[in-house]
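Atoms considered below: every heavy atom in the structure, side chains included; atoms not considered: hydrogens, waters and symmetry mates. Numbering of ligands and ligand atoms starts at 1, following listing order.
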Amino acid sequence: MKKNITEAIEYIGVDDTDLDLFESQYIVPNGISYNSYLIKDEKIAIVDTVDRRKSADWWQNLETALNGKEPDYLIVQHMEPDHAGNIAATIERFPGVRIVASERAIKMLPQFFEDVDFSEKTISVNENDTLNLGTHTLQFFMAPMVHWPEVMVTYDSTDKVIFSADAFGKFGALSHDEDWACEARRYYFNICGKYGIPVQALLKKNCRT
Ligand SMILES: [Fe+2]
């Protein structure tokens, strides 16, 4: 699945429709989508990667969206492998890419990619920090425990788009046409709902614009 969110933001995520159990626990009869985006400006940013189960599809989407250009940044919002499975492969393929992530996420990188040297490959961001891509400015909000401690969300203040990591997630692949609320509720109850207070804290945050 591939579509433009705005003129500058392209969806490069992939569907996984043959996954038996999400997180080895939850049935996903209608599959799941691993969401990933490319923001094309003077600087080019990838927002999240996908699970390694679907690396080949993601690389195809990424290469098509890049259209011969090279990315400058990889925004890592969450270290869970369904978001972050291709971090090491991305910096191997594009050595100039800098990983933009929370301090906690950067500390977790070696736990998931133990043979990779991340020195001088990372940019640590904190609450309200911004990253200018040209006409687009990204603003970062820390979202600890929505659903892991290192999570952050990213707001594109130019196009007014929020990249929400696990917040607002749902079961069911995007290619499967279904009622949104039921599978969104089931996802929330099982994945983020046990962290209700951190979720409420995130919802109370205000973007600058
Ligand atoms: Fe997660």
Q.
Closer than 4.0 angstrom, basic N to acidic O: yes or no for D18 and R53?
A. yes
Q) Where does the angle between the aromatic ring planes of F94 and W59 fall among parallel (under 30°), tilted (30 to 60°) and perpendicular (over 60°)? A) tilted
Q | Parallel, tilted or perpendicular, as decided by the 30° and 60° cut-offs, for the rings of Y26 and F171 | A | tilted
Determine all donor-acceptor pairs shorter than 3.5 Å in which one atom belongs to a side chain in residues 187-202; sequence neighbours excluded.
unit_1, atom_1, unit_2, atom_2, d
Y187, OH, D166, OD1, 3.2
N190, ND2, R186, O, 2.8
K194, NZ, N190, O, 3.1

Q) What protein N/O/S atoms lie closer than 2.8 Å to the Fe ion (ligand 1)? A) H78 NE2, E80 OE1, H147 ND1, D166 OD2
Q) Counting N and O atoms only, with roles assigned by atom type, does the side chain of D57 sit under 3.5 Å from a partner on the main chain of K54, one being a donor and the other an acceptor? A) no
Q: Examine the side chains of N35 and Y11 and answer whether a donor and an acceptor come within less than 3.5 Å of each other.
A: yes
